[in-house]
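What follows is a set of notes on a single structure, which appears directly below.
Small disclaimer: the values here were computed from a predicted structure and weren't measured. Chain naming here is simple, since letters A, B, ... match the order of the sequence lines and numbering starts at 1 in each.
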2 protein chains.
Amino acid sequence: MFSKTCEYAIKACIYIASQSLVQKRVGIKDIAQAIESPEAFTGKIMQVLSKNHIVDSVKGPHGGFEIPESAMKEKRLAEVVRAMDGDDIFKSCGLGLKECSGANPCPLHSQFAKIRADITKLLETTSLYDVATGLADGLTFLKR
Amino acid sequence: MFSKTCEYAIKACIYIASQSLVQKRVGIKDIAQAIESPEAFTGKIMQVLSKNHIVDSVKGPHGGFEIPESAMKEKRLAEVVRAMDGDDIFKSCGLGLKECSGANPCPLHSQFAKIRADITKLLETTSLYDVATGLADGLTFLKR
DNA sequence: CAAATAAAAGACTTTTTTATCTTTTATTAA
DNA sequence: TTAATAAAAGATAAAAAAGTCTTTTATTTG
Ligand code: FES
Ligand code: FES
């Protein structure tokens with residue numbers, strides 16, 4: 001479904017958001033620990049998220065990453081996915097045809113298009129705030 | 001969604017089935033041409049499909065691959081996917097947690113589980129015959 | 001039976017994805 | 001203003017996925 005990179009990115013954003021809810025800025029080490037990802041690789045991912053203005057980054061002592069509450073209410077999961085994996089998941093053919101189109105449909109097009117629309121809806125409507133609260137409340141988990 | 005290998009496998013099966021509908025056995029070259037796949041790689045994929053009894057293989061002159069009409073009415077897309085990609089798509093967590101469970105749900109679990117169930121239903125209920133007829137009738141396509 | 005045909009099997013190569021290690025830059029606070 | 005801290009940037013490395021090439025085995029038909 002998502003690349004490993006994208007999975008890490010989504011989890012990192014949710015974790016950062018949940019910590020930002022209690023005014024805590026978090027470093028790469030914290031993040032890697034919280035989402036069970038390799039530390040250096042997580043750093044690379046954070047660079048991309050930061051460049052795409054999905055997270056705010058602060059260098060130096062007491063630095064780290066954060067997502068202001070106002071921002072996390074706006075940012076959708078779809079933005080994170082687009083930053084990491086592009087928009088393949090939103091528009092490409094399930095059987096790998098060069099482009100998905102009703103005019104030249106693959107044998108799964110009609111059924112697959114529905115599923116893809118559901119995925120798109122999920123990602124486009126869910127904000128980081130929506131998922132961060134469940135984590136903060138101990139209802140959902142990012143590892144195991 | 002699916003690996004490249006799995007996409008080729010699904011398309012190959014649909015093509016073979018559609019040709020079997022008109023009593024035509026097809027070789028690797030035909031298949032590769034019909035689904036726009038690398039020939040040698042397609043050969044490898046056919047070996048797996050053959051070992052898993054999804055297609056029948058015949059060596060020697062006038063040999064090739066076929067799927068008897070009775071068999072293609074039984075075989076589901078899910079079998080092809082399992083043979084190539086395992087059952088990850090049917091059971092694994094969308095965010096890559098070690099296992100998907102309601103007891104330890106990731107933040108997307110409830111929404112993702114629905115989508116995964118839809119995908120499973122599509123693959124488990126669609127037979128090769130179902131998709132082969134559309135191709136044979138020129139309503140669906142395997143390339144471009 | 002011999003020659004031709006076509007898939008199976010095995011050994012490799014290339015590309016992409018995932019991951020690591022080192023150096024640099026920015027920031028803070030003593 | 002310098003030492004410590006933490007992310008950014010850059011250069012590699014390892015693993016997995018995708019793809020190729022060569023040899024072997026099975027089958028058919030003249
Ligand atoms: S053409 Fe394959 S999903 Fe639309
Ligand atoms: S735990 Fe993630 S999808 Fe079920």
Side-chain angles (χ1 to χ4, degrees), chain A residues 1-13 15-16 19 24-67 81 83-86 88-89 92 95-96, chain B residues 1-13 15-16 19 24-67 81 83-86 88-89 92 95-96:
Chain A
M1 177 108 313
F2 306 118
S3 69
K4 218 99 222 341
T5 313
C6 189
E7 287 177 3
Y8 291 145
I10 295 172
K11 288 191 275 195
C13 287
Y15 174 67
I16 295 164
Q19 292 299 101
K24 279 199 185 128
R25 191 179 279 165
V26 294
I28 288 176
K29 235 173 286 189
D30 305 304
I31 299 171
Q33 161 102 328
I35 70 176
E36 280 184 332
S37 61
E39 204 176 304
F41 194 48
T42 306
K44 286 294 173 195
I45 291 167
M46 293 316 301
Q47 289 179 23
V48 177
L49 291 175
S50 173
K51 269 188 193 146
N52 282 272
H53 308 102
I54 292 168
V55 301
D56 291 347
S57 145
V58 180
K59 277 186 177 180
H62 304 291
F65 302 90
E66 62 190 0
I67 307 175
V81 173
M84 308 308 299
D85 285 355
D88 252 42
I89 201 174
S92 73
L95 292 187
Chain B
M1 175 109 313
F2 305 117
S3 68
K4 219 96 222 343
T5 313
C6 189
E7 288 177 3
Y8 290 146
I10 295 171
K11 287 191 276 195
C13 286
Y15 174 67
I16 295 165
Q19 290 301 100
K24 278 196 187 132
R25 192 179 279 164
V26 293
I28 288 175
K29 235 173 286 189
D30 305 303
I31 299 170
Q33 161 102 329
I35 71 176
E36 280 184 333
S37 62
E39 204 175 304
F41 194 48
T42 305
K44 287 293 173 197
I45 291 167
M46 293 316 300
Q47 288 178 25
V48 176
L49 292 175
S50 173
K51 271 189 193 145
N52 283 272
H53 309 103
I54 292 168
V55 301
D56 291 346
S57 144
V58 179
K59 277 186 178 183
H62 303 291
F65 301 90
E66 61 190 0
I67 307 177
V81 173
M84 308 309 298
D85 284 355
D88 253 43
I89 201 175
S92 73
L95 291 186

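Listed by chain and residue number, A:Tyr8, A:Phe41 satisfy the side-chain contact (heavy atoms from CB on, under 4.5 Å) test with A:Pro38 (two or more places apart in sequence, or in another chain). Qualifying side-chain hydrogen bond (donor to acceptor under 3.5 Å, both in side chains) partners for A:Ser3, counting only residues two or more places apart in sequence or in other chains: A:Asp85. For B:Ser57, the side-chain hydrogen bond (donor to acceptor under 3.5 Å, both in side chains) test picks out no residue, with sequence neighbours left out. With sequence neighbours excluded, the residues that form a side-chain contact (heavy atoms from CB on, under 4.5 Å) with A:Asn52 are A:Val48, A:Ile54, A:Ala83. With sequence neighbours excluded, the residues satisfying side-chain contact (heavy atoms from CB on, under 4.5 Å) with B:Ala9 are B:Ile45, B:Leu49, B:Val80, B:Met84.
The distance from atom CD of A:Glu7 to atom CZ of A:Phe2, rounded to the nearest 0.5 Å, is 8.0 Å.
Taking every heavy atom of residues 50-58 of chain A and every atom of DNA chain D, pairs under 4.0 Å involve A:Ser50, A:Lys51, A:Ser57, A:Val58, by number. Remark: A:Pro38, A:Ala40, A:Phe41 in residues 27-43 of chain A come within less than 4.0 Å of DNA chain C through at least one heavy atom.
Across B:Tyr15 and B:Ile35, no two heavy atoms sit closer than the pair CB-CG2, 4.3 Å. Annotation for A:Ala12 and A:Ile31: closest pair CB-CG2, 3.8 Å, computed over non-hydrogen atoms.
For B:Gln47 and D:dG19, the CD to P distance is 16 Å, given to the nearest whole Å. What separates CE of B:Met46 from P of D:dT20 is a distance of 17 Å, to the nearest Å.
Looking at which nucleotide of DNA chain C each of B:Lys59 and A:Lys44 is closest to, the 5′-most match is held by B:Lys59. Both A:Lys4 and A:His62 sit near DNA chain C, but only A:Lys4 has its closest nucleotide nearer the 5' end.
The outermost nucleotides of DNA chain C lying under 4.0 Å from heavy atoms of chain A, listed 5' to 3', are C:dT18 to C:dA29.
Within the structure, salt bridge (Lys or Arg N to Asp or Glu O under 4.0 Å) contacts touching residues 28-46 of chain A (residues at least two apart or in different chains) are A:Glu36-A:Arg144, A:Glu36-B:Lys98. Residue pairs satisfying the salt bridge (Lys or Arg N to Asp or Glu O under 4.0 Å) criterion with at least one member in residues 57-66 of chain A, sequence neighbours excluded, are listed as follows: A:Arg25-A:Glu66.
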